[in-house]
Amino acid sequence: MASQLSNQQLSAIAQQFGTPTYVYNADKIIEQYQTLTTAFTQQNVRIFYACKALTNINILKLIKNIGGNVDCSSINEVKLALHAGFEPSRVLYTSNGITFNEIEEAQSLGIHINIDSLSNLEKFGKKYGHSYPVGIRLRPNIMAGGNLKISTGHDKSKFGIPVDQIDEVLKVVADNNIFIKNLHIHTGSEIKDVAVFVKGIEVLFDIIPLFKELEVIDLGGGFKVPYKQDDAETDINLLAQEVGKAFENHPNPNGKPLQVWFEPGKYLVSEAGYLITEVSVLKTTKTTTFASVNSGFNHLIRPMFYDAYHKITNISNPEGEEQVYTVTGNICETDTFATDRTLNEISEGDLLVFANAGAYGFEMSSNFNSRYKPAEVLVKEGEFHLIRRRDTFEDLLRNQLEVL
Ligand code: LLP
């Protein structure tokens, strides 16, 4: 399977669809999904794609067609998943910070729900009692992840009900006779170290005996993928071994075997994605040569927001002499993609391609500076499919009501 798109393919896409354009390689998504499912074949594991990473309806359908499930972080993601054809039993909603109304709506759709506050758990219990099995999102108080902004399980994090408040959880559950089916934790994003997942399981082992009807342990997502050359990634086979071992040593005291759920986002789609941009202008100053592309943090915010590294390739001149550039966008803010990056010699009009752009790329894009969001293209079985048109001027006015 072609796990990487070639420069020729990317150039042809730029020629056919223009720039800036996000491109997704279906083969790579399938390959990542198969690596996961193969590693866990011996175990009772279900994979829920954390679709906040990339919700294009075609990506959702692709995941559905290869047998995956989907994890959602808003009711609209749930509706998109249902629109893509997932049966409700394959849809999970891991909520945070939402009103009870949204939980009621999710319940009415018959999907799996993880509740992340005592307040909503109590409302849920009062309304549904034992009739609708539900999950709770716990905060394990573990610090892990690539950057503080994407570390979600630590003891100051807003996410989940802190494990140290388990007595309060138990009281709400008992008072309302709630059917707790699932215990969920998500510690953070870009967790390379398998030991972090094992630590999370150990935190849960203390709590499992307290929930007699438990069926599922949901360990969230957060597997690390390589962004830089030689970057370490989460060793999925080791993870499978360690998870297997942990559960062998701690069989469910309540008798029922526990199913394990994971919610990978980046692992499934990050490396499959590319953002093709074009160099609008070069500017050489006493200290720096700026290469400004027809993009910015309105299209790919990760470098500015998380100090994330994205590999950049000048596919128009791959053999060119290496020089040092600072790559920026065209937004009226400091939208630096890379400072002092060594790249093959750039001319105005060259195509610069950002790698690892599949996860949280298009999905976090905006119309800032009234620029258009990029087009999206899916490469499947060698064919290029436009899966989202680039915005047009009408899109900028859509929803605005001209009252003057
Ligand atoms: N499950 C839950 C409950 C989550 O909150 C997240 C991510 C995931 C699964 C998937 O995590 P992943 O496998 O993609 O690491 N925009 C940031 C990442 C934010 C992640 C938020 N939650 C970035 O671009 O790095």
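Just the heavy atoms: all of them, side chains too, but no hydrogens, waters or symmetry mates, feed the values below. Both ligands and their constituent atoms are indexed starting at 1 by order of listing.
- Classification of the Phe297-Phe368 ring pair by plane angle, with boundaries at 30° and 60°, yields parallel.
- In terms of polar-atom proximity, Gly220 is not counted as a contact of ligand 1, lacking any N or O under 3.5 Å from an N or O of the ligand.
- At under 3.5 Å, not a single nitrogen or oxygen of His184, backbone or side chain, sits near a nitrogen or oxygen of ligand 1.
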Discussion item. Applying side chain to side chain donor-acceptor pair (under 3.5 Å) to Ser189 and Lys266, what does each step give before you reach the verdict?
Written reply: CA-CA 8 Å; Ser189 194; Lys266 280 179 187 161; 2.9 Å; yes
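- By heavy-atom distance, the residue among Phe223, Tyr227, Tyr49, Tyr360 lying nearest atom 14 (O) of ligand 1 is Tyr360.
- Around atom 22 (N) of ligand 1, the closest heavy atom drawn from Lys266, Arg302, Lys52, Glu363 belongs to Lys52.
- Checked against the 6.0 Å centroid threshold, Phe205 and Phe247 count as a close aromatic pair.
- Protein heavy atom closest to atom 8 (C) of ligand 1, with residue, atom name and distance, is His186 CE1, 3.4 Å.
- Numbered from 1 in the order shown, with element, the atoms of ligand 1 that lie under 4.0 Å from a heavy atom of Gly222 read 11 (O), 12 (P), 13 (O), 15 (O).
- Within ligand 1, counting atoms from 1 as listed, the ones closer than 4.0 Å to a heavy atom of Pro264 are 13 (O).
- Side-chain contact annotation: Arg302 with His310, donor-acceptor N/O pair under 3.5 Å present.
- Here the protein heavy atom with the shortest distance to atom 9 (C) of ligand 1 is Glu263 O, 3.1 Å.
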